[in-house]
Amino acid sequence: MVSSSSHTSRLKYVSLGVLVLQTTSLVLTMRYSRTLKEDGPRYLASSAVVSAEVLKIITCTFLVLMENNYNMRAMNQLLKEEIVNKPVETLKLAVPAGIYTLQNNLLYVALSNLDAATYQVTYQLKILTTALFSVSMLGKRLGLYQWLSLLLLMAGVTLVQWPSDSGGDAEEKALSAGSQFVGLMAVLMACVSSGFAGVYFEKILKETKQSVWVRNIQLGLFSFVLGFIGMMVYDGQSVRQSGMFQGYSTVTCIVVALQAVGGLVVAVVIKYADNILKGFATSLSIILSTLISYFLLKDFSPTGLFFLGALLVIAATFLYGYERKPASSSSGIKV
């Protein structure tokens with residue numbers, strides 16, 4: 001019993017550690033791919049989202065095959081029983097699939113307009129939306145320290161986004177401000193969608209004994225269909241002219257692979273830890289993103305307000321971890 005509990009705890013923190021590394025590498029490579037100057041057209045973000053879903057479906061199908069001892073007949077029977085013969089359960093995944101598809105497209109917009117470090121800090125607002133949705137949809141109770149950490153988080157993100165008086169041409173500053181506003185709006189919309197979809201998916205996972213990989217196949221199928229429709233609606237002309245994979249490079253393929261793997265890592269994390277803890281662990285990747293953005297990508301000039309805001313976000317991480325367990329009825333705060 002003790003051994004099983006320690007194994008689960010160890011697996012939980014290993015999953016969270018992998019998620020931090022995956023998130024950092026995804027953000028940095030995605031930012032690099034969206035700012036890299038290349039000959040010819042740049043790859044379509046909508047196409048990358050669709051490609052990631054296809055790769056995720058293939059990976060999950062292989063994992064289901066492994067769970068069935070590489071028995072194709074057993075796997076086909078399981079998928080038919082869980083997906084085809086349970087249409088109501090399958091349709092439940094259409095909601096988070098649509099929101100995740102929107103969120104993934106928004107992240108490309110955000111990283112086309114914001115440097116990786118600023119994006120990483122601002123995107124941690126998804127912790128706040130996840131907490132609020134967890135309380136309202138799952139009935140969770142958060143302790144005093146957890147609510148204080150959320151206030152610290154909001155203060156930190158506000159400082160990071162606070163406009164600075166930088167020198168330069170007035171027209172250039174106006175373009176930069178406009179670009180940052182577009183990026184900020186994209187991140188805020190992604191935070192709300194991430195919070196809702198994450199909690200909704202967590203609720204479905206914890207209400208069923210079904211394999212998490214089967215659930216991800218269902219999720220991926222809806223995401224693929226919705227993503228493909230979105231690609232043809234918004235980028236249909238470009239796709240017809242130059243193909244779906246126009247502008248793809250080695251970096252693009254790495255971004256697609258990281259995005260696909262990231263979805264599966266998130267699924268494992270949700271299984272062994274709650275959504276809010278997952279979000280706070282991801283905020284630790286701010287440190288790596290800031291250092292690499294400054295020293296390697298050279299697209300980020302940190303200010304005193306940024307460092308103060310980032311410190312508040314990281315402090316919020318440790319404050320939340322100080323009281324991980326749900327508070328008792330006498331000390332909990334519920335909204």
Side-chain angles (χ1 to χ4, degrees), residues 22-23 25-60 94-116 118-119 122-123 171-172 174-194 197 216-217 219-264 293 297 299:
Q22 185 276 332
T23 303
S25 56
L26 173 60
V27 168
L28 292 170
T29 52
M30 190 182 290
R31 170 64 179 174
Y32 178 71
S33 71
R34 299 308 286 175
T35 56
L36 183 65
K37 294 181 180 179
E38 294 181 310
D39 295 330
R42 178 175 294 167
Y43 73 92
L44 302 173
S46 57
S47 167
V49 170
V50 172
S51 298
E53 293 303 329
V54 172
L55 184 57
K56 187 195 300 183
I57 293 171
I58 293 172
T59 304
C60 287
V95 175
I99 297 174
Y100 275 134
T101 303
L102 172 64
Q103 173 194 336
N104 288 334
N105 280 280
L106 286 170
L107 297 187
Y108 280 97
V109 176
L111 281 166
S112 297
N113 294 278
L114 295 175
D115 62 81
T118 302
Y119 162 84
T122 308
Y123 192 44
E171 183 178 352
E172 183 181 338
L175 287 173
S176 176
S179 178
Q180 185 165 8
F181 179 76
V182 171
L184 176 60
M185 289 298 102
V187 173
L188 292 179
M189 290 175 65
C191 287
V192 175
S193 61
S194 174
N216 270 277
I217 291 174
L219 194 68
L221 289 172
F222 281 115
S223 296
F224 168 74
V225 173
L226 295 172
F228 188 83
I229 292 173
M231 180 181 69
M232 296 310 297
V233 169
Y234 292 102
D235 297 311
Q237 185 175 354
S238 296
V239 171
R240 285 188 288 270
Q241 287 179 351
S242 306
M244 175 178 169
F245 300 106
Q246 59 181 285
Y248 270 51
S249 64
T250 303
V251 176
T252 310
C253 293
I254 292 174
V255 170
V256 168
L258 286 172
Q259 195 169 31
V261 172
L264 302 181
S293 290
L297 297 183
D299 63 351

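Given the structure is predicted, the values throughout are model-derived calculations rather than measurements. FYI, side chains are in, hydrogens and waters are out, and symmetry mates aren't considered; it's all heavy atoms of this structure. FYI, the numbering just counts along the sequence from 1.
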*Just do the side chain to side chain contact (heavy atoms under 4.5 Å, CB included) check on R240 and M232 with the steps written out, would you?*
CA-CA 9 Å; R240 285 188 288 270; M232 296 310 297; 4.0 Å; yes
*What is the minimum heavy-atom distance between V50 and M244, and which atoms define it?*
CG1-CE, 3.6 Å
*Would you say the side-chain atoms of S238 and D235 include a donor-acceptor pair closer than 3.5 Å?*
no
_Measuring from atom OH of Y123 to atom CD of Q103, what distance do you get when rounded to the nearest 0.5 angstrom?_
3.5 Å
_Heavy-atom count check: over 12 atoms from other residues, nucleotides or ligands less than 6.0 Å from M189 CE?_
no
*Just jot down the side chain to side chain donor-acceptor pair (under 3.5 Å) partners of T101, sequence neighbours excluded, or say none.*
none
*Using the test side chain to side chain contact (heavy atoms under 4.5 Å, CB included), find all partners of L55 that sit at least two apart in sequence or belong to another chain.*
T59, A257, A260
_Could you check whether atom CZ of F222 has more than 12 heavy atoms from other residues, nucleotides or ligands sitting under 6.0 Å from it?_
yes
*How long is the gap from OH on Y119 to CG on L28, to the nearest 0.5 Å?*
11.0 Å
*Closest heavy-atom contact between L107 and A190?*
CD2-CB, 3.8 Å
*Closest approach of I217 and C60, non-hydrogen atoms and distance?*
CG1-CB, 3.5 Å
*Measure the spacing between OG of S194 and CG of L102 and express it to the nearest 0.5 Å.*
11.0 Å
*asked:* For a quick test of reading the model, state the closest non-hydrogen atom pair linking F245 to S51 and the distance between them.
replied: CE2-OG, 3.7 Å
*asked:* Whether the side chain of S33 engages the backbone of M30 through a donor-acceptor N/O pair (distance < 3.5 Å, no angle test) should be reported.
replied: yes
_Under a plain distance cut-off of 3.5 Å, with no hydrogens placed, do S47 and Y248 share a side-chain donor-acceptor pair?_
yes
*Side chain of T252, backbone of S249: donor and acceptor closer than 3.5 Å?*
yes
*Taking atom types as modelled, find out whether Y100 and E53 have a side-chain donor-acceptor pair closer than 3.5 angstrom.*
no
*Supply the atom-to-atom distance L111 CG to Y108 OH, rounded to the nearest 0.5 angstrom.*
9.5 Å
*Taking all atoms of both residues into account, what is the closest heavy-atom pair of A110 and V187, and its distance?*
CB-CG2, 3.5 Å
*To the nearest 0.5 angstrom, please state how far the CD atom of Q259 sits from the CD1 atom of I254.*
14.0 Å
*Donor-acceptor pair, T118 side chain versus D115 backbone, under 3.5 Å?*
no
*So which heavy atom on R34 is nearest to which on Y43, and how close?*
NH1-O, 3.0 Å
*Roughly how far, to the nearest 0.5 Å, is the CG atom of L36 from the CG atom of L297?*
10.5 Å
*Positive for side-chain contact (heavy atoms from CB on, under 4.5 Å) with F224, one of L219, V49, V54, I229*: V54
*Could you tell me whether the side chain of T29 and the main chain of L26 form a donor-acceptor pair under 3.5 Å?*
yes
*Side-chain contact test, heavy atoms from C-beta onward, threshold under 4.5 Å: evaluate it for Y234 versus V239 and give yes or no.*
no
